[in-house]
Amino acid sequence: MQRMEKQLGPQFEKAVHLLAMHRPLSDESSRKPALFHDIRVGTYLYENGYSQTIVLAGLLHDAIEWYGISEETLRKEFGDHVADIVVACTKDDSIKDPKEKIEKIIRQCVVQGKDALIVKAADILDSYKWYTRTKNKGEITYCVRNTDAILKLKPKAFQDAIFDELKHWHFKNGE
């Protein structure tokens with residue numbers, strides 16, 4: 001695992017500012033508050049020593065899907081690798097079958113590389129934690145389906161402690 005540079009602060013703050021400017025407003029029907037979820041994902045990655053690229057991509061992983069921020073803006077502001085990871089973590093809402101949609105996003109991450117799959121795993125870990133606290137069984141089931149796909153499609157060469165933590169949450173939720 002690459003160790004993160006100490007100069008993450010300004011880039012992290014820039015990314016939070018971009019998300020805050022474009023954030024969708026959460027309401028009572030929201031599955032989870034988007035901005036706080038994205039900050040938790042980025043912070044988790046930061047606290048676990050991931051590279052600046054992975055941390056920024058984790059923070060921005062929903063930028064296209066939930067915030068409507070363009071891929072071009074991400075490339076310009078944060079570079080190609082961050083943008084490529086965010087694109088890989090973006091769902092294709094034209095796919096209606098839930099299993100097919102999940103498998104496509106996990107395949108996109110695998111093709112993009114280990115960094116993208118780490119970001120997706122951090123996304124699912126935060127969702128497991130949120131939905132466990134809020135006792136949302138339907139969304140926990142969604143997390144289980146994502147984890148099934150990650151564990152099924154993850155290449156053996158993609159070794160990282162985050163995948164072990166994901167297995168732990170998967171087991172904890174009865175799978």
Could you tell me whether a side-chain N or O of Asp123 sits under 3.5 Å from a main-chain N or O of Val119, the two making a donor and an acceptor?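 Absent.
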Ion pair check, Glu71 and Arg75, cut-off under 4.0 Å: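 Yes, charged N to carboxylate O under 4.0 Å.
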Under a 4.0 Å threshold between the charged nitrogen and the carboxylate oxygen, would Arg107 count as salt-bridged to Glu103?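 Salt bridge: yes.
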Calculate, to the nearest 0.5 Å, the distance between atoms SG and NE2 belonging to Cys109 and His61 respectively.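 Between Cys109 SG and His61 NE2, I get 10.0 Å after rounding to 0.5 Å.
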To the closest 0.5 Å, what do you measure between CZ (Phe78) and CD (Gln52)?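 Rounded to the nearest 0.5 Å, the CZ-CD separation comes out at 10.0 Å.
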Going by atom types alone, do [X] and [Y] pair a side-chain donor with an acceptor below 3.5 Å?
X      : Y      : value
Tyr67  : Asp38  : yes
Tyr128 : Glu165 : no
Thr134 : Asn136 : no

Heavy-atom side-chain proximity of [X] to [Y] below 4.5 angstrom:
X      : Y      : answer
Asp164 : Lys167 : yes
Val41  : Leu59  : no
Ile69  : Leu19  : yes

Step through it carefully: locate the ring centre of His17, locate the ring centre of His22, and say whether they are under 6.0 Å apart.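 Centroid distance His17-His22: not below 6.0 Å, so no.
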Crowded around Lys99 NZ? As in, over 12 foreign heavy atoms under 6.0 Å?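 Check fails, neighbour count at 12 or below.
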Neighbour count >12 (heavy atoms, 6.0 Å) for atom NZ, Lys137: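 12 or below, so no.
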